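Everything quoted here is computed from the prediction, not taken from an experiment. Order of the sequence lines fixes the chain letters, A, B, ..., with proteins taken first and strands second; residue numbering starts at 1 for each chain.
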Amino acid sequence: MKISFKKAERAQRELLKKLKLRPLEREIKLIGGCDLTFIDPYKNPTVGIGAFVILEFSSLKVVEEIYDTMEVKVPYVPGFLAFREVPLLVKTYLKLKNKPDLVVVDGHGIAHPRRLGIATHFGIVMNVPTIGCAKKILYGKFEEPCEKAGCSSPIVDPKTKEILGYAVRMRDRVKPVFVSPGNLITPEESLEIVLKLGRGYKLPEPTRLAHNYLQTVRKGIIQRKLERTEE
DNA sequence: GCGACAG
DNA sequence: ATCTTGTCGC
């Protein structure tokens, strides 16, 4: 499927009007992590697998895990990731029994050329507080944080000098992750919460667990598919 | 014009 | 985003 940049940008500008970067309104009890993978990432129409893992924020214990699949035809284009991945994230989110008070999304929030990273896009569509946590920078300038776990430095918009988020070192001497608010939260709160989600790994727990869960699910699906075609 | 470019 | 073992450094 082709993608109209003109229409996509227009859609992003429309969604931007609904963005709310304001302090959290209620206490975070349940926190969700989500991620996507594909059966064949190099094929164009391909089957995507989406997953959500819900954790109790205070203990980081898993409360619920769920996944769903969907045919994905939209290609990945930097700056327009949400158009490829949000539909499946929404489909999976709707299956949850335990709705989280906040969702950590694999990708950026407002640290995006038009402030509409996947975390922001999903947060606005679902009207839920979100934080974006990406492994690589997409937009904004930052200084390398100190080498210790817990160190951070702001991601600044080169045009407006606004703070879009933070580069955060979750583990000693390991590459930082890039944290920015998605919707219904502030940059400072996003940083504060992500720091509480560290378990000594590079990624915050919700994201790490969603990713691990997906790997297991994916192997199972591929395995079952093989058994089915050879008997 | 060139480089950079989440997943 | 996937395929993959060992290996090096802290």
Does A:Gln215 put a side-chain nitrogen or oxygen below 4.0 Å from OP1 or OP2 of C:dT2? yes
Within 45° of the axis and under 6.0 Å from the centre of the six-membered ring of A:Tyr93, does NZ or CZ of A:Lys99 qualify? yes
So what does A:Phe80 touch, heavy atoms closer than 4.0 Å: a base, only the sugar-phosphate, or nothing? base
Is the cationic atom of A:Arg208 (NZ for Lys, CZ for Arg) positioned less than 6.0 Å from the six-membered ring centroid of A:Tyr201 and within 45 degrees of its normal? yes
Rounded to whole Å, how long is the line connecting atom CZ of A:Phe178 with atom C1' of B:dC5? 13 Å
Does A:Arg10 count as lying over the ring of A:Phe5, i.e. NZ or CZ under 6.0 Å from the six-ring centre, within 45 degrees of the axis? no
Checking all strands, does A:Glu147 fall into the base, sugar-phosphate, or nothing category for heavy-atom contacts under 4.0 angstrom? nothing
Are OP1 or OP2 of C:dT2 and a side-chain N or O of A:Thr37 less than 4.0 angstrom apart? yes
Side chain of A:Ile118 only, heavy atoms from C-beta on: which candidate in B:dA6, C:dT2, B:dG7 is closest? B:dA6
With the side chain of A:Lys135 defined as its heavy atoms from C-beta on, choose the nearest nucleotide among C:dA1, B:dC5, B:dA6. C:dA1
Is A:Tyr42 touching bases, backbone alone, or none of the nucleic acid, heavy atoms closer than 4.0 Å? base
Here the distance between atom C1' of B:dA6 and atom NE2 of A:His112, to the nearest Å, is 8 Å
How long is the line joining CG of A:Asp40 and P of C:dT2, in whole Å? 11 Å
Selected nucleotide, minimal atom distance to A:Asp106 side chain, candidates C:dT2, B:dA6, B:dG7: B:dG7
Taking only the side-chain nitrogens and oxygens of A:Tyr76, find out if one of them lies under 4.0 Å from OP1 or OP2 of B:dA6. yes
Taking for each residue the nucleotide of DNA chain C bearing the nearest heavy atom, is the 5' side occupied by A:Arg218 or by A:Arg173? A:Arg218
Atom-pair distance (CD1 on A:Ile221; C1' on C:dT2), nearest Å: 15 Å
Mark yes or no for whether A:Asn183, through its side chain, and A:Gly123, through its backbone, hold a donor-acceptor pair below 3.5 Å. yes
Among the nucleotides C:dT2, B:dC5, B:dG7, whichever has the atom closest to the side chain of A:Lys136 is B:dG7
Residue A:Pro78, side-chain atoms from C-beta onward, closest of B:dG7, B:dC5, C:dC3: B:dC5
Residue A:Pro41, side-chain atoms from C-beta onward, closest of B:dA6, C:dA1, B:dG7: C:dA1
Whole Å only: how far is the CD1 atom of A:Ile222 from the P atom of C:dA1? 15 Å
Round to a whole Å and report the spacing from CD1 of A:Ile49 to P of C:dA1. 14 Å
Please determine whether a side-chain nitrogen of the Lys or Arg among A:Asp172 and A:Lys148 lies less than 4.0 Å from a carboxylate oxygen of the Asp or Glu. yes
With under 30° as parallel and over 60° as perpendicular, where do the rings of A:His121 and A:Phe83 fit, or are they tilted in between? perpendicular
In whole Å, what is the span from the CZ atom of A:Arg171 to the P atom of C:dC10? 14 Å
Determine the contact category for A:Gly48: base if any of its heavy atoms lies under 4.0 Å from a base atom, sugar-phosphate if only primed atoms, P, OP1 or OP2 are that close, otherwise nothing. nothing
Within this structure, what is the CG-to-C1' distance between A:Leu138 and B:dA6, rounded to whole angstrom? 5 Å
